[in-house]
Amino acid sequence: MDLCQMTALELGKKIQAKEISVAEATKAALDTIEQRDSEYNCYITVCKEEALKRAEEVQKGIDEGKLTSPLAGVPAAVKDNLCVKGMNTSCASKMLDGFKPIYTSKAVQNLMDAGMVLLGKTNMDEFAMGSTSETSKFGAVKNPWDSNRVPGGSSGGSAAAVSAEEAFYTLGSDTGGSIRQPASYCGITGLKPTYGTVSRYGLIAYASSLDQIGPLGKNVEDVAEVYKAIAGHDPKDSTSVKQAAPQFTLKDNVKGLRIGIPLDFIGEGTEPDVKAKIYEAAKILEGMGATIEEFHMSELKYAIPAYYIIACAEASSNLSRYDGIKYGYCADKYDDLTDLYFQSRTQGFGTEVKRRIMIGAFVLSSGYYDAYYKKALQVKALMKKAYDNAFAKYDVLLTPTAPTTAPEIGKSLSDPLKMYLSDICTVSVNLAGLPGLVVPCGFDSQGLPIGLQLIGNAFAEETLLNTGYAFQCNTSFHKQRPNFKTGKEA
Amino acid sequence: MKITDEMIDYIGVLARMKITGEEREASKAELSKIIDYMDVLNELDTDGIEAMSHAFPVKNVFREDVIKPSVDREEIILNAANKKDGCFKVPKAVE
């Protein structure tokens with residue numbers, strides 16, 4: 001078997017057993033990137049020299065018995081909105097092109113402490129605003145299952161890199177579905193943890209009350225291991241929850257698990273293939289001993305407007321920091337200080353980012369604040385209550401991740417509202433702060449992956465991951481791989 | 001709601017961005033459509049419902065007031081486009 005086909009934990013085990021060296025694994029991953037990334041464009045920055053040097057350091061740590069994590073020596077990549085000291089961190093924007101952070105984000109540092117070899121930074125929608133990874137300054141990411149299609153977004157590079165075997169696992173961020181929807185489109189496993197579980201220190205902010213960092217990988221075991229490594233309290237993030245780092249062993253058992261299917265997630269726009277595979281997955285879990293029940297969550301139709309109002313409001317506030325002075329793009333010509341702000345921001349931000357800043361500025365402006373922003377926060381409270389009611393009856397909720405499989409490149413950006421509406425299955429989870437896990441559950445008639453979304457109660461990652469693990473123990477969808485194209489042949 | 005030229009100008013001032021030319025016309029049309037869609041929230045009776053900023057109760061986090069070294073001055077200005085004598089350099093703001 002090609003080394004890069006291994007899961008992160010399979011590789012980690014062989015590294016600990018000295019069957020494979022960290023340098024060998026790193027070279028193999030860099031070779032795969034070299035062969036495939038000109039086709040898929042998963043990476044914005046590849047740090048070849050640093051990775052090879054780091055591999056030697058990590059090997060030494062392992063040989064000395066200092067690095068004992070099952071992830072030690074495993075090469076990985078992180079989304080380009082996660083700060084890594086001294087490494088280009090652009091958020092896929094002209095605004096931050098060439099920006100070199102002076103500190104490393106906590107989640108990345110935790111993985112470094114566990115012995116990660118960082119391969120580079122993955123491509124994404126500009127400032128994580130998008131559902132297709134087409135708004136990047138560095139060009140669109142392509143879906144390894146079909147290069148004419150998007151990988152989803154905004155963590156499209158992180159998802160496609162795992163799918164294309166260009167990294168053994170990756171980190172992404174999820175504000176309204178940005179880990180889960182690309183995981184679904186790319187046929188991999190992704191976890192959006194409970195809000196506050198993983199420190200956001202060093203994550204470049206989009207919508208701070210909704211943003212959460214999480215892992216993407218080939219299966220639930222990999223994702224669970226990365227989650228355990230990055231979760232935990234951090235005094236540098238004041239919304240970080242005071243709880244011990246999670247410790248659990250995955251169990252292949254769903255007997256007696258109460259699963260609810262909220263019917264409102266499967267609306268008119270849901271493709272028949274998606275619907276069929278979601279129900280087949282429910283059947284599989286039922287056959288394994290879980291109970292399945294359908295119910296209504298009528299509040300869901302208000303989740304998208306509430307989400308976009310809140311996310312854009314926070315974005316307009318968060319992105320006000322880009323002034324052309326402290327860091328980031330600065331216009332060449334300007335009349336005075338105010339004009340410097342105007343010119344730098346007008347030239348530095350892309351279309352979708354500007355659109356969301358404008359929506360945010362509007363809903364926060366006097367005269368509209370109560371009608372939009374305050375209303376949206378009230379809807380958020382209703383959404384949270386709807387989930388509280390659901391989790392009084394069920395342990396896990398089962399839904400599609402997106403109404404469709406991956407759309408073709410170039411078909412989504414012309415109608416922003418339509419693109420926003422495609423987030424129907426994911427945004428409410430962020431409003432309620434809940435964890436969501438996506439596992440592959442089949443393919444549509446065109447051979448494109450379909451992802452099953454499992455939603456857990458707050459801080460119930462263990463239940464959620466066990467459910468996904470049990471599903472993968474009894475299915476093989478997660479073991480399917482695309483037929484790869486190499487950019488050199490194309 | 002129809003987004004007018006005056007509103008686009010006002011939003012532009014709030015957001016410190018110049019919205020001109022094609023981008024201006026497209027923005028007017030798109031924002032009108034998006035804001036109209038958001039008006040669906042008016043269907044919902046939210047009287048007496050408290051606005052929720054955070055999904056979980058978040059309280060102010062205090063720490064001991066201990067003096068600790070911060071980031072080096074040289075590092076802080078490392079990413080600035082214009083700097084002089086260890087400071088950020090900006091156009092004259094006060095006459």
Side-chain angles (χ1 to χ4, degrees), chain A residues 99-100 102-103 195-196 209 235 238-239 241 301-302 305-306 308-309 316 320 323-330 334-338 340-343 345-346 349 351 354-355 357-363 365 371-372 374-382 384 416-417 420 431-434 458, chain B residues 1 3 7-8 10-20 23 26-28 30-31 33-56 58-63 71-72 74-83 88-94:
Chain A
F99 171 68
K100 285 188 168 55
I102 58 170
Y103 62 93
Y195 183 82
S209 77
S238 60
T239 60
V241 177
K301 80 181 264 208
Y302 304 107
Y308 275 95
I309 290 169
S316 78
S320 64
D323 57 3
I325 294 169
K326 302 184 295 292
Y327 40 73
Y329 177 79
C330 182
Y334 42 82
D335 299 333
D336 53 21
L337 184 61
T338 309
L340 183 156
Y341 300 147
F342 271 93
Q343 297 296 347
R345 292 170 61 80
T346 303
F349 291 132
T351 307
K354 281 185 194 161
R355 183 179 295 131
I357 291 175
M358 284 193 277
I359 295 170
F362 172 79
V363 298
S365 64
Y372 293 98
K374 189 179 162 210
K375 185 90 181 179
L377 292 182
Q378 290 172 315
V379 174
K380 177 174 172 159
L382 288 175
K384 175 77 166 60
L417 182 58
Y420 299 172
L431 288 177
L434 302 174
Chain B
M1 181 189 298
I3 301 289
M7 287 165 99
I8 286 284
Y10 181 55
I11 293 169
V13 169
L14 291 175
R16 297 285 187 276
M17 296 187 308
K18 287 189 200 298
I19 315 297
T20 52
E23 198 174 44
S27 296
K28 273 159 60 184
E30 278 156 9
L31 291 190
K33 204 169 139 189
I34 292 165
I35 303 291
D36 276 346
Y37 168 66
M38 287 170 170
D39 284 334
V40 68
L41 294 186
N42 294 331
E43 287 175 12
L44 205 58
D45 182 11
T46 50
D47 276 357
I49 302 209
E50 206 178 322
M52 178 187 265
S53 315
H54 274 273
F56 313 122
V58 179
K59 291 193 187 109
N60 194 20
V61 181
F62 291 99
R63 59 171 167 78
V71 186
D72 279 351
E74 284 307 310
E75 269 195 317
I76 285 176
I77 59 164
L78 212 59
N79 282 288
N82 299 302
K83 51 203 155 189
F88 295 112
K89 191 182 163 197
V90 295
K92 196 171 181 181
V94 184

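Here is the naming used below: chain letters follow the sequence lines, and residue numbers restart at 1 for every chain. What you see is a predicted model; the values in this text were computed from it and never measured.
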Can you tell me which of A/K374, A/K354, A/Q343 forms the most heavy-atom pairs within a distance under 4.5 Å of chain B?
A/K354

Under the 3.5 angstrom rule, does the side chain of B/K33 hit a backbone N or O of A/P416 as a donor-acceptor pair?
no

Considering all heavy atoms, the nearest B/F56-A/Y195 contact:
CE1-O, 3.5 Å

Give the member of B/V61, B/I49, B/I3 that has the highest number of heavy-atom pairs under 4.5 Å with chain A.
B/I49

So CD1 of B/I35 and OH of A/Y308: to nearest 0.5 Å the spacing works out to 13.5 Å

Does any heavy atom of chain B fall under 4.5 Å from the side chain of A/S320, the backbone, both, or neither of them?
neither

Portion of B/L78 that has a non-hydrogen atom of chain A nearer than 4.5 angstrom
side chain

Does some side-chain heavy atom of B/K18 sit less than 4.5 Å from a side-chain heavy atom of A/R345?
no

Structural part of B/V40 lying under 4.5 Å from a heavy atom of chain A:
both

Heavy-atom pair with the smallest gap, counting every atom of B/I11 and A/A361:
CG2-CB, 4.1 Å

Decide whether B/E43 and A/Y302 meet the rule of one side-chain donor and one side-chain acceptor closer than 3.5 Å.
yes

Distance, nearest 0.5 Å, that separates CD of A/Q378 from CG of B/D47:
8.0 Å

Which bit of A/S316 is near chain B, if near means a heavy-atom gap under 4.5 Å: side chain, backbone, both or neither?
neither

To the nearest 0.5 Å, tell me how far B/L44 CG sits from A/L382 CG.
5.5 Å

Within 6.0 Å of NZ in B/K89, more than 12 heavy atoms from elsewhere:
no

Atom CD in B/E50, atom NZ in A/K380: separation rounded to 0.5 Å?
13.0 Å

Working to the nearest 0.5 angstrom, can you tell me the gap between A/L417 CG and B/M38 CE?
8.5 Å

Counting only heavy atoms closer than 4.5 Å, note whether A/F349 contacts chain B via side chain, backbone, both or neither.
side chain

If we define contacts as heavy-atom pairs under 4.5 Å, which of B/A26, B/G12, B/A93, B/A15 has the most with chain A?
B/A15

Does the side chain of A/M358 reach to within under 4.5 Å of the side chain of B/S27, using non-hydrogen atoms?
yes

For the student: nearest non-hydrogen atoms of A/L377 and B/S53, plus distance
CD2-CA, 4.3 Å

Distance-minimising heavy-atom pair for B/A55 and A/L431
CB-O, 3.8 Å

How close do B/I34 and A/Y420 get, heavy atom to heavy atom, and via which atoms?
CD1-CE1, 3.8 Å

Can you tell if the side chain of A/I309 reaches within under 4.5 Å of the side chain of B/L41, non-hydrogen atoms only?
yes

I'd like to verify something: which residue of A/L340, A/D323, A/I359 has the highest number of heavy-atom pairs under 4.5 Å with chain B?
A/I359

Is it the side chain or the backbone of A/L337 that comes within 4.5 Å of chain B heavy atoms, both, or neither?
both

Rounded to the nearest 0.5 Å, what separation is found between the NZ atom of A/K384 and the CE atom of B/M52?
5.5 Å

Using only atom types and a distance under 3.5 Å, with no angle test, would you say the side chain of A/K375 pairs donor to acceptor with the backbone of B/N42?
no

Any donor-acceptor pair under 3.5 Å from B/N79 side chain to A/K100 backbone:
yes

Smallest heavy-atom separation, A/S365 atom then B/Y10 atom, equals CB-CE2, 4.1 Å

